[in-house]
Protein chains: 2
Amino acid sequence: MSDLLERLRERGWRMTSQRRVIAEVLDGDHVHLTADEVHVRATRRLPEISRATVYNTLGELVSLGEVIEVSTDGRAKRYDPNAHRPHQHLVCSGCGTVRDVHPTGNPVADLPAEERFGFTVSEAEITYRGLCPSCT
Amino acid sequence: MSDLLERLRERGWRMTSQRRVIAEVLDGDHVHLTADEVHVRATRRLPEISRATVYNTLGELVSLGEVIEVSTDGRAKRYDPNAHRPHQHLVCSGCGTVRDVHPTGNPVADLPAEERFGFTVSEAEITYRGLCPSCT
DNA sequence: TTAGATGCAAAGCGTTTGCACCCCC
DNA sequence: GGGGGTGCAAACGCTTTGCATCTAA
């Protein structure tokens with residue numbers, strides 16, 4: 001069953017067949033799909049679903065805080081449903097594979113006041129880069 | 001004088017008036033211009049310079065390793081000439097402004113072996129997000 | 001002399017938007 | 001029934017590219 005879907009229902013999110021399919025496609029661990037990949041997968045279950053709806057819905061899930069937007073490079077953004085637990089990304093420079101890794105400390109707290117330049121720092125995003133086993 | 005320009009000359013980079021102007025515009029600390037901003041500034045010194053040349057040249061500087069590409073969300077990429085010294089970025093979620101901050105430790109070393117999934121981790125990119133003084 | 005850099009314009013890609021229609025609550 | 005969601009297509013912002021022309025070495 002879809003945890004994401006369940007959470008959205010609990011939050012009173014208006015449900016439609018399109019939104020259900022998108023939530024189901026996104027649900028799971030180590031899922032980092034592009035909007036287009038979401039659309040392709042969603043189309044397999046619901047052929048009439050439009051790209052616009054996929055984009056609108058993903059944008060809404062992001063502002064609801066249920067999905068995280070990950071820009072791996074200059075390419076298409078990826079969408080990560082694992083928003084309920086803080087984590088970081090390990091990206092393979094060879095094939096682009098993304099793995100979730102879990103934090104060992106609080107990076108935000110590690111930025112000393114004199115390095116903040118008056119900014120109100122709310123989060124730190126850490127991306128580790130290297131080669132995965134198959135690309136080594 | 002322009003350190004970037006000097007380094008490029010030493011590397012035998014073919015010099016033209018366009019490339020000189022671009023290198024001069026980029027040179028300095030805490031410089032994080034978009035391609036368009038580079039083009040606007042370059043045009044002040046060399047009115048005929050084209051956008052294509054700015055994009056081509058920036059791309060080349062990036063592959064030469066003299067400039068770092070910083071993608072801040074869905075906005076235009078920014079170009080950071082401070083590639084010779086390791087540093088991190090503090091990005092304003094309001095206006096997209098970027099500041100350089102300097103590392104306090106070795107983030108790569110902080111990723112424990114059991115979180116590496118067989119990857120050979122070579123670098124860690126840390127991006128702090130928050131609101132700058134004018135956007136607070 | 002000539003490989004390579006430039007300018008122009010058009011195309012490309014990912015994403016957003018305006019609007020008429022449709023449907024969940 | 002009404003407010004919101006959906007689909008379509010066109011527009012959008014940023015970036016890349018094809019090609020003829022120029023220029024640094």
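What you see below is based on every heavy atom in this structure, not just the backbone, and it leaves out hydrogens, waters and symmetry mates. Small disclaimer: the values here were computed from a predicted structure and weren't measured. Each chain gets a letter, A, B and so on, in the order its sequence line appears, and its residues count up from 1.
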Quick check on [N]: is either OP1 or OP2 less than 4.0 Å from any side-chain nitrogen or oxygen of [X]?
X	N	value
B/Gln18	C/dG7	yes
B/Arg75	D/dC14	no
A/Thr16	C/dC23	no
B/Thr53	C/dG7	yes
B/Tyr55	D/dT15	yes
A/Arg19	D/dG5	yes

State whether [X] and [Y] are salt-bridged, where the test is any N-O pair (Lys NZ or Arg NE/NH1/NH2 against Asp/Glu carboxylate O) under 4.0 Å.
X	Y	answer
B/Glu69	B/Arg78	no
B/Arg85	B/Asp100	no
B/Glu115	A/Arg99	no

Starting at the 5' end of DNA chain D, which residue's closest nucleotide do you reach first, B/Trp13 or B/Tyr79? B/Tyr79
Closest to the 5' end of DNA chain D, once B/Arg14 and B/Arg51 are matched to their nearest nucleotides, is B/Arg51
Can you tell me how far [atom2] of [N] sits from [atom1] of [X], to the nearest Å?
X	N	atom1	atom2	result
A/Leu33	C/dT15	CG	P	13 Å
B/Arg11	D/dA25	CZ	C1'	19 Å
B/Asn56	D/dC14	CG	C1'	14 Å
B/Leu8	C/dA5	CG	P	13 Å
B/Ile49	C/dC8	CD1	C1'	14 Å
A/Glu37	C/dT15	CD	P	11 Å
A/Arg20	C/dC23	CZ	C1'	13 Å

So which one's nearest nucleotide on DNA chain C is more toward 5', A/Ala52 or A/Met15? A/Ala52
Can you tell me if [X] and [Y] form a side-chain donor-acceptor pair at under 3.5 Å?
X	Y	answer
B/Asp80	B/His89	yes
B/Asp3	B/His84	no
A/Trp13	A/Glu60	yes

Can you label the angle between the A/His30 ring and the B/Phe117 ring as parallel, tilted or perpendicular, going by 30° and 60°? perpendicular
In terms of ring plane angle, is the pair B/His87 and B/His102 parallel, tilted or perpendicular, where the classes change at 30° and 60°? tilted
Axis-to-axis angle for the helix from C/dT1-D/dA25 to C/dC25-D/dG1, ends of five pairs each, to 10°, equals 40°
Proximity to the side chain of A/Glu48 - top-ranked nucleotide from C/dT15, D/dG7, C/dG7: D/dG7
Against the side chain of A/Glu60, the closest entry in D/dG7, D/dG5, C/dT15 is D/dG5
With a 4.0 Å cut-off on heavy atoms, is A/Asp36 in touch with a base, just the backbone sugar-phosphate, or nothing at all? nothing
